[in-house]
Peer 1: 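Structure provided below as structure tokens; questions to follow.
All chains are named by letter (A, B, ...) in the order of the sequence lines, taking the proteins before the strands, and each is independently numbered beginning at 1. Note that these values count all heavy atoms, side chains included, but never hydrogens, waters or copies made by symmetry.
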There are 2 protein chains.
Amino acid sequence: MTARTSKRTLTTTDAAILGVLSWGPMSGYDVKKTVDSTVGYVWGPARSAIYAVLPRLVDEGLATAREVAQSQRPDKIVYRITTAGRAALKAWIEETPAPPDPNRNPLLLKVFFGDLTSPEVLADQIQARRLEAERMSEEMDRFEAEADPDDVYTALTRAWGREYARAVIRWARAAEARLRAS
Amino acid sequence: MTARTSKRTLTTTDAAILGVLSWGPMSGYDVKKTVDSTVGYVWGPARSAIYAVLPRLVDEGLATAREVAQSQRPDKIVYRITTAGRAALKAWIEETPAPPDPNRNPLLLKVFFGDLTSPEVLADQIQARRLEAERMSEEMDRFEAEADPDDVYTALTRAWGREYARAVIRWARAAEARLRAS
DNA sequence: GAAAACATGTAAACCGTTACATGATTCC
DNA sequence: GGAATCATGTAACGGTTTACATGTTTTC
């Protein structure tokens, strides 16, 4: 058997998919749903990306595929992570350094060229972002209440969500005040 | 004259490039340099993207191109924003809502699947990110010292940079402590 | 009986990145 | 003589968005 164990390092999308497969075998459809409700906050590949990646993982020996016939539903293909897949994911996590922050922020770009519009328009856009962040902050609080406090890893991701939302809110409040005072 | 004033809304890269062209006519090479030293912190298109976008802006009537022969340097093409270009950029800035936060964060993905590796490895990765943020924070302070305090718009972008760095640092410190204590 | 949600995928167009390619000039 | 700067582009790849395709079950 000659699976192309090509040892290329995983893309972030590969890692996200292998990650949810590490929780159990599932179809592409289920991968999508699982991603959306979990890691989707930090990496949410498109459905078509998932369907494109899964066969490639099989090709590289990182997962296996098994066709499952269904009577009440369309047939599906269930993917299962392999030992090699787990190892590749572990290697991806440990490979240092982590790619730097993306830092692509269209709103900030608007602010940067803000002199082309009015302070009010800009303040409105910033306010909208703040309201978003406030909603997100509340959502994190709700998650926090329900969550298992011993699960360090999801606790840390929630902590980042709260810290980030907080930064947005602080910045936006100050920016709105400054812009509305012109 | 039939410039295709196709009214499609600009991509973020288009906006960034039109934005620097709004400061004065320049070649693709100079656009790249200018972007890198200014808006690059929030949106830094690749060189190849710039060279691809510029002719399209001309095609759409948002900029004009003029070839300039040089004796001591390779010839170059100087682009100048048009009135339509300015209008399109203004429309992009004012179009609401601003696209939501990208939120694609490979480091957080690593944290999310952190149980596949050791707490130390994870803490090291987080520490690296913190050091990065600390460097950035200092850089912002330096910019702050040199900057014109009356320039609201760049002040606001710097303020975001500081607030963001602060959030990273606070989160990373807590995360590192929690992970190293296992 | 209709609409929405479930369930599974494919295909094409678009945006952007990294790496490849070329060649002159200036600075050390 | 080698590195950095000036100057412009192409090709291959990763990923997203949107649309196409098909059929079932649940909800109103």
Side-chain angles (χ1 to χ4, degrees), chain A residues 6 8-17 25-37 39-40 42-60 65-79 92 99-106 109, chain B residues 6 8-17 25-37 39-40 42-60 65-79 92 99-106 109:
Chain A
S6 54
R8 97 189 146 79
T9 59
L10 305 175
T11 66
T12 312
T13 299
D14 294 342
I17 294 172
M26 56 186 107
S27 66
Y29 186 88
D30 288 330
V31 168
K32 171 66 175 154
K33 272 201 315 183
T34 306
V35 164
D36 282 352
S37 65
V39 288
V42 299
W43 197 266
R47 200 158 42 88
S48 57
I50 291 170
Y51 283 117
V53 162
L54 283 169
R56 206 184 57 207
L57 295 179
V58 172
D59 216 49
E60 293 170 335
R66 193 171 55 93
E67 215 166 322
V68 175
Q70 298 185 118
S71 49
Q72 312 289 57
R73 294 268 180 284
D75 295 356
K76 63 181 174 182
I77 303 171
V78 173
Y79 295 88
W92 177 82
D101 267 14
N103 241 13
R104 355 200 64 244
N105 193 327
L109 194 60
Chain B
S6 56
R8 96 191 146 77
T9 58
L10 305 175
T11 66
T12 312
T13 299
D14 294 342
I17 293 172
M26 58 186 107
S27 67
Y29 187 88
D30 288 330
V31 168
K32 172 65 175 155
K33 272 202 314 183
T34 306
V35 164
D36 282 351
S37 64
V39 288
V42 298
W43 197 267
R47 202 161 38 84
S48 59
I50 291 170
Y51 283 116
V53 162
L54 284 168
R56 207 184 57 206
L57 295 179
V58 172
D59 215 49
E60 292 170 336
R66 192 171 56 92
E67 214 165 321
V68 174
Q70 298 186 118
S71 50
Q72 312 289 58
R73 293 266 178 285
D75 295 355
K76 63 180 174 181
I77 304 171
V78 173
Y79 295 88
W92 178 82
D101 267 12
N103 243 12
R104 352 199 68 243
N105 193 327
L109 195 60

Peer 1: Counting side-chain heavy atoms from CB outward, which of dC15(C), dT8(D), dG15(D) is closest to R56(B)?
Peer 2: dC15(C)

Peer 1: Grab the CG-P distance between L109(A) and dG16(C) for me, whole Å please.
Peer 2: 11 Å

Peer 1: With the side chain of S27(B) defined as its heavy atoms from C-beta on, choose the nearest nucleotide among dT8(D), dG16(C), dG9(C).
Peer 2: dT8(D)

Peer 1: Name the nucleic acid region contacted by T13(B), choosing base, sugar-phosphate or nothing; use a 4.0 angstrom heavy-atom cut-off, strictly under.
Peer 2: sugar-phosphate

Peer 1: Return the value, rounded to whole Å, for the distance between atom OH of Y51(A) and atom C1' of dA21(D).
Peer 2: 13 Å

Peer 1: Does any N or O in the side chain of D14(B) come within less than 3.5 Å of the main-chain N or O of T11(B), such that one atom is a donor and the other an acceptor?
Peer 2: yes

Peer 1: Can a side chain N or O of K33(A) be found less than 4.0 Å away from OP1 or OP2 on dA7(C)?
Peer 2: yes

Peer 1: Starting at CG of L10(B) and ending at P of dC15(C), how long is that distance when rounded to a whole Å?
Peer 2: 11 Å

Peer 1: Answer whether the closest heavy-atom distance between the side chains of V31(B) and Y79(B) falls below 4.5 Å.
Peer 2: no

Peer 1: Between dT8(C) atom C1' and Y79(A) atom OH, what is the distance in whole Å?
Peer 2: 11 Å

Peer 1: Here's a test of your reading of the structure: between P74(A) and W43(A), which maps to the more 5' nucleotide of DNA chain D?
Peer 2: W43(A)

Peer 1: Hey, does the side chain of T11(A) come within less than 4.0 Å of dG15(D)'s phosphate (OP1/OP2), counting only N and O?
Peer 2: yes

Peer 1: Going by modelled atom types, is there a donor-acceptor pair between the base of dT17(D) and the side chain of S48(A) at under 3.5 Å?
Peer 2: yes

Peer 1: Compare every heavy atom of K76(A) with every heavy atom of S27(A), then report the nearest pair and how far apart it is.
Peer 2: CB-CD, 4.1 Å

Peer 1: Measure CD/E60(A) against C1'/dG14(D) and give the value in whole Å, please.
Peer 2: 14 Å

Peer 1: Tell me which nucleotide among dT17(D), dT8(D), dG14(D) gets nearest to the side chain of K76(B).
Peer 2: dT8(D)

Peer 1: Which nucleotide wins on minimum distance to the side chain of R104(B), given the candidates dT10(D), dT16(D), dG9(C)?
Peer 2: dT16(D)

Peer 1: Please give, in whole Å, the distance from dA7(C) P to D75(A) CG?
Peer 2: 14 Å

Peer 1: Between I77(B) and A65(B), what is the shortest heavy-atom contact and its length?
Peer 2: CG2-CB, 3.8 Å

Peer 1: Taking atom C1' of dT8(C) as reference, at what distance in whole Å does atom CZ of R66(A) sit?
Peer 2: 16 Å

Peer 1: Whether Y29(B) contacts dT8(D) is assessed here as follows: a side-chain N or O lying under 4.0 Å from the phosphate OP1 or OP2. Is that the case?
Peer 2: no

Peer 1: Side chain of R47(B): nearest nucleotide among dA21(C), dG15(D), dT17(C)?
Peer 2: dA21(C)

Peer 1: Testing the basics here: between W43(B) and N105(A), what is the closest heavy-atom pair and its distance to 0.1 Å?
Peer 2: CE3-N, 3.9 Å

Peer 1: With respect to the side chain of I77(B), which nucleotide from dT8(D), dA7(D), dT16(D) is positioned closest?
Peer 2: dT8(D)

Peer 1: What is the distance, to the nearest angstrom, from the CD1 atom on I50(B) to the C1' atom on dT8(D)?
Peer 2: 12 Å

